[in-house]
Amino acid sequence: MNQSLSVTPTQEEIFHQNVSGTQPQLIVPQIMVLALEILLALPLSIGLVKLHVGGIAWIFGGIAAGTIVLQGCRIFYHYTPKPNRTARKVGMGLVGLTVGLSNGNSDLINLAAGIPIFVALTFFLLVCGSCIGYIYSRLSKTNLLTAMLATVPGGVGVMSSIAADYNKNVTLVALVQAIRVTCVVLVIPFIARTTVGNDWNSATLPVKQALLSLEPTQIGLLVVALLITGVIVYCAIVWKIPAGDFFGALLLGIFFNYFLNFLPFVSGANLSPQPLVNIVGQMLLGITIGEYWGEKPTFGKRTVGCALISVALTLIAGAIAAMLAMHFTSWDWLTCLLVTAPGGAAEMILVSLALDHNVEIVTTGHLVRLIAINSSLPLWLFLFRRLESQLKSEV
């Protein structure tokens with residue numbers, strides 16, 4: 001295997017320890033690092049809001065803060081904390097709650113008729129991801145399972161954890177997945193902004209409004225919703241449920257007001273989406289993406305080049321899927337693009353929410369993909385390992 005693609009045993013051991021269980025003595029440094037990232041993300045995000053970057057400026061500020069803080073720890077203190085997966089799960093839960101509350105009044109039942117097209121698009125992207133993984137394994141001279149885990153859209157943390165469980169190249173998987181998520185998060189909002197023009201700026205979350213929009217009647221309901229969200233996130237961490245934090249919180253948001261009205265001692269209560277919850281969730285998502293860039297070791301040019309090629313092919317596959325969706329549905333091209341964007345489900349749903357653009361369609365499409373990918377992971381892993389062993393026996 002190419003020398004530039006290798007990972008030292010120490011790196012894999014440290015990562016495996018990190019995903020298996022956080023050591024008690026590392027909790028305090030992780031909290032301190034996260035606090036610094038949030039403090040830095042706030043002014044950066046506010047600056048981006050002032051520059052009219054758009055409705056998900058807080059994600060971009062978080063990405064910059066996560067990268068800067070982890071690079072600073074590595075350079076000045078010779079300490080490289082691992083990406084905080086718990087912070088990302090909390091962010092996913094907060095974003096899921098916000099999206100769910102925003103979709104609470106939508107008629108999602110009517111979208112059930114479109115589930116076959118969502119499933120077909122997901123299957124197309126998975127097949128394309130498998131083909132891209134095979135091409136990537138040949139180009140980068142790495143084993144097939146590592147290449148598949150690196151190229152199939154499924155989340156940086158999930159795929160990296162699986163790579164650690166099978167003693168594969170964890171750092172390489174995290175690199176390719178981080179490049180893919182970052183490219184999608186940066187490119188798709190830019191395309192959306194050029195499409196809708198000034199409508200993008202109108203949805204930017206004002207800081208004062210986010211801080212002062214909490215009404216007394218909403219505080220109690222919000223506390224209850226956040227406590228239930230915390231339980232959902234905790235269960236997703238303990239039981240290691242892929243995307244369980246986002247999916248569970250989203251369902252909570254959709255049905256929260258519906259079940260609230262069934263309580264005999266509650267009348268006329270209705271929890272609306274809270275901008276502050278959205279802001280915190282966005283920053284945590286961005287911070288954890290930036291952390292994967294801040295802790296990256298040095299890679300050779302060939303490694304980075306092959307990774308960029310695989311990501312470019314993945315983006316092309318997403319564009320083809322968008323064109324197919326336009327052909328078989330009545331959706332406009334921006335909706336098709338947001339539905340078929342390869343990865344970054346929470347981020348793409350946030351873009352549609354910021355634009356108020358067919359949020360229910362984009363949400364349903366990414367939920368179907370999350371369920372399909374995570375439920376079929378054991379089958380895909382079995383097929384990948386079997387194919388890898390066959391290729392080795394042929395050699």
From CG (Leu308) to CD1 (Ile179), nearest 0.5 Å = 5.0 Å
Compare all side-chain heavy atoms of Val339 with those of Phe118 and state whether any distance is below 4.5 angstrom.
-> yes
Could you go through the side chain to side chain contact (heavy atoms under 4.5 Å, CB included) check for Leu285 and Leu350 one step at a time?
-> CA-CA 11 Å; Leu285 289 182; Leu350 280 174; 4.3 Å; yes
For Met323, check side chain to side chain contact (heavy atoms under 4.5 Å, CB included) against everything at least two apart and list the hits.
-> Ile320
If you count the non-hydrogen atoms of other residues, nucleotides and ligands that lie under 6.0 Å from CZ in Phe124, is the total more than 12?
-> yes
Are Val362 and His366 side-chain neighbours, meaning at least one heavy-atom pair lies under 4.5 Å?
-> yes
If Ile, Leu, Val, Met, Phe, Trp and Tyr residues are connected whenever their side-chain heavy atoms lie under 4.5 Å apart, and connections chain through other members, are Ile254 and Tyr258 in the same group?
-> yes
Within-4.5 Å side-chain heavy-atom neighbours: Phe247 and Leu370 | no
With rounding to the nearest 0.5 Å, note down the distance linking OH in Tyr134 to CE in Met148.
-> 9.0 Å
Leu175 and Trp293 have their tightest heavy-atom pair at CD1-CZ3, 4.4 Å
Pair Arg88 + Glu347: basic N to acidic O under 4.0 Å = yes
Could you walk me through whether Asn103 and Thr363 pass the side-chain hydrogen bond (donor to acceptor under 3.5 Å, both in side chains) check?
-> CA-CA 9 Å; Asn103 282 321; Thr363 300; 3.2 Å; yes
Could you check if a side-chain atom of Val277 sits within less than 4.5 angstrom of a side-chain atom of Leu222, using non-hydrogen atoms only?
-> yes
So, for Ala163 and Val170, which heavy atoms are closest and what is the spacing to 0.1 Å?
-> C-CG2, 4.0 Å
Mind running side chain to side chain contact (heavy atoms under 4.5 Å, CB included) on Trp58 and Ile63 for me, showing each step along the way?
-> CA-CA 9 Å; Trp58 304 92; Ile63 293 175; over 6 Å; no
Between Ser137 and Thr146, is any pair of side-chain heavy atoms under 4.5 Å apart?
-> no
Give a yes or no on whether the backbone of Leu149 and the side-chain of Gln177 come within a donor-acceptor separation of less than 3.5 Å.
-> yes
Return the minimal non-hydrogen interatomic distance between Ile287 and Glu37, and the atom names on each side.
-> CG2-OE1, 3.0 Å
If you group Ile, Leu, Val, Met, Phe, Trp and Tyr by side-chain heavy-atom gaps below 4.5 Å, do Val69 and Tyr79 land in one group?
-> yes
4.5 Å side-chain heavy-atom contact, Leu353 and Thr98 = yes
Heavy atoms, side chains only, cut-off 4.5 Å: are Val95 and Leu284 in contact?
-> no
What distance do Asn143 atom CG and Lys168 atom NZ have between them, rounded to the nearest 0.5 Å?
-> 4.0 Å
Nearest 0.5 Å, what's the CG-OG distance between Asn278 and Ser102?
-> 7.5 Å
Can His357 and Asp332 be said to form a side chain to side chain contact (heavy atoms under 4.5 Å, CB included), step by step?
-> CA-CA 10 Å; His357 188 83; Asp332 60 89; 2.9 Å; yes
Look at the rings of Phe259 and Phe262 and say which category their plane angle falls in: under 30° parallel, 30 to 60° tilted, over 60° perpendicular.
-> tilted
Side-chain donor/acceptor of Arg302 to backbone N/O of Leu139, under 3.5 Å | yes
At their closest point, which heavy atom of Thr340 faces which heavy atom of Leu125, and how far apart are they?
-> O-CD1, 3.8 Å
Might you point out which heavy atoms bring Leu101 and Ser272 nearest each other, and give the distance in Å?
-> CD1-O, 4.0 Å
Cluster check Met159, Val127: I/L/V/M/F/W/Y, side chain < 4.5 angstrom = no
If you look at every heavy atom in Ala57 and Gln282, which pair is closest and at what distance?
-> N-OE1, 4.2 Å
Verify the cluster assignment for Leu379 and Leu144: are they in a single hydrophobic cluster under the rule of side-chain heavy atoms below 4.5 Å apart?
-> no
Is the shortest heavy-atom distance from the side chain of Leu42 to the side chain of Met283 under 4.5 Å?
-> yes
How far does CG of Leu34 sit from CG of Leu39, to the nearest 0.5 angstrom?
-> 9.5 Å
Audit row: Asn270, Asn261, side chain to side chain contact (heavy atoms under 4.5 Å, CB included) steps and yes/no | CA-CA 8 Å; Asn270 185 68; Asn261 293 325; 5.8 Å; no
State yes or no: do Leu97 and Val224 share one hydrophobic cluster built from I, L, V, M, F, W and Y residues joined by side-chain heavy-atom distances below 4.5 Å, directly or via other members?
-> yes
Is Glu291 reaching over with its side chain to a backbone N or O of Asn84, donor-acceptor style, under 3.5 angstrom?
-> yes
Could you state the interatomic distance from CG (Leu221) to CD1 (Ile219), rounded to the nearest 0.5 Å?
-> 10.5 Å
